[in-house]
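These notes are about the structure you will find just below.
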Amino acid sequence: MELIQTDAYTWEIPQTGDMNVPARIYASAGIMEAVKKEETFRQLINVASLPGIVGRAMAMPDIHWGYGFPIGGVAAFDMDSGVISPGGVGYDINCGVRLAALNLEEKEIRPHLEDLVVALQKHIPSGVGSTGTVKLSLKDLKKVIKQGIPWALSQGYGRDTDTGRTEEGGCMKNADPGDVSDRAMDRGKNQLGTLGSGNHFMEIGVVDTIYDPAAARVFGLAEKQVTLLIHTGSRGLGHQICDDFLALMTKKVHKSGIALPDRQLACMPVQSAEGQAYYRAMACAANFAWANRQILLHMAETVLMHTLGISPRDLGMRMVYDVCHNIAKTETHVIDKEKRKVCVHRKGATRAFGPGHAGLDPAFQDTGQPILIPGDMGTASYVLAGTQKAMEETFGSTCHGAGRVMSRKAAKKAAKGRSLQQEMEKKGVFVRAAGRGTMAEEMPEAYKDVTEVVNVVHGSGISKKVAKLRPIAVIKG
DNA sequence: ATGTGC
């Protein structure tokens, strides 16, 4: 495999063999060393070989091996000759991140951190198969997946100012519950308002550093301020939708004449009946995930108020932004100086629309959209802003997190005999996890250094650093 | 990621 470094942060794999476009990796030399190049870049080359791919197959610096498509991958497909693929979105449809800012400083909250972690864990259902907060009739679940955040608002969760601070206003409009299987509906009906497991978490943090004061002001962030960060997705509902459409497309793809380099890349033409049905079902899962994060934030607000014994006004919770990092969307981009509609797949990648983009709330017209990059539970998370360069190079996309360097299994092995909870507490971070193995799987060493990942997207210009958050209390699934 | 897997 030929790998050509084109500047400090970009590497190209030239178009050869079955590739329809070249591939590009955004990475530093250090990250290139850490990535398992053969298996992961093979996946990127496979994506570059899919029909109708436009521009380049791209990998962000948090790239690692995934199902079919690499995680940390971005690929856009022509609306007529291109494909849509569940593996290009991922199992957790609209896995994403939401950040809220509070009217508190660390010194006001530090004495209560242990109580807060215990209270959050008690009231936020988390772990594999967690259910509980909202039990829905089939009719109401249909409303949730059709409407997303507006449904949550109609039920009293959150404030109506929240939608402008959510990607897509928290609702993909093409969602159609008619394309969602009974099984997926059944798995989703008791899971709204639950955190899930794995790397999903809720984190109390502090604004540690501001890099761009003007953007930070627009985003509503100030130094020393306490924040709340939520990372979760569409739970069993999205997982089942992915399963359903992988099975359907695996069966149908050969009849459509598409030759797959890897069966995990099962896909169908964007405009085919199956492709469109997947898009509508995926949108349902996306809306579920947005409603889920909306409800979880509201629940956290209640827990914080009660535990600290303060009013909503004194807590002063307000949305910074909510992004998804596993999604496919129809978007218009300028390609070779020509405006074109394409189906952008972001899998473990975040939208990074720059200043002036019509799809953004007026508040973000000068700054570009807020981008939320969670790191591992002991290090840091970052807030970035979208840029014009992202619009030109990456279909308005950037990285989504630190990215694993150790498999879950390897992490468990490395954590044997250690108390990670105590290790974290020594660092000033109170952590509680629902699952037995979760602390081990999610330990800081299992991830790349998020700072190095963020420095790549900042250095290459596809995003801009705005603020760094330092975790002080975390609940894990 | 997931009513966790060959």
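Sequence lines set the chain letters: A, B, ... in the order given, protein chains first and strands last, and positions in each chain run from 1.
At whole-Å resolution of the value, CZ in Phe245(A) and C1' in dT2(B) are 18 Å apart. Rounded to whole Å, the distance from CZ on Arg235(A) to P on dT2(B) is 5 Å. Between Asn94(A) atom CG and dT2(B) atom C1' there is a gap of 16 Å when expressed in whole angstrom units. Residue Asn190(A) contributes atom CG, which lies 16 Å from atom P of dT2(B) at whole-angstrom precision. Regarding Asn326(A), its CG atom lies at a distance of 11 Å from the P atom of dT2(B), rounded to whole Å. If you measure from atom OH of Tyr67(A) to atom C1' of dG5(B), you get 15 Å, rounded to the nearest angstrom. Ile93(A) places its CD1 atom 12 Å from the C1' atom of dT2(B), with the value rounded to the nearest Å.
Contacts of Gln191(A) with the nucleic acid, taken as non-hydrogen atoms under 4.0 Å apart, involve only primed sugar atoms and P, OP1 or OP2. At a threshold of 4.0 angstrom between heavy atoms, the contacts of Ser197(A) include nucleobase atoms, whether or not backbone atoms are also involved. Using a 4.0 Å heavy-atom distance criterion, Gly236(A) is classed as a sugar-phosphate-only contact. No engagement by Arg436(A) is indicated, since no non-hydrogen atom pair under 4.0 Å with the nucleic acid exists.
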Donor-acceptor pairs are to be reported for all side-chain atoms of residues 152-159 of chain A against protein atoms at under 3.5 Å, with residues two or more places apart or in another chain.
from	atom 1	to	atom 2	distance (Å)
Ser154(A)	OG	Trp151(A)	O	2.6
Arg159(A)	NH2	Glu301(A)	OE2	2.5

**Q.** Audit row: His231(A), His400(A), ring-ring contact (aromatic ring centres under 6.0 Å, His included) steps and yes/no
**A.** CA-CA 11 Å; His231(A) 179 203; His400(A) 86 304; 7.6 Å; no

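If you check the side chains of Tyr382(A) and Thr451(A), you find a donor sitting under 3.5 Å from an acceptor.
Side-chain contact between Met282(A) and Lys329(A) is absent, with no heavy atoms from C-beta onward closer than 4.5 Å.
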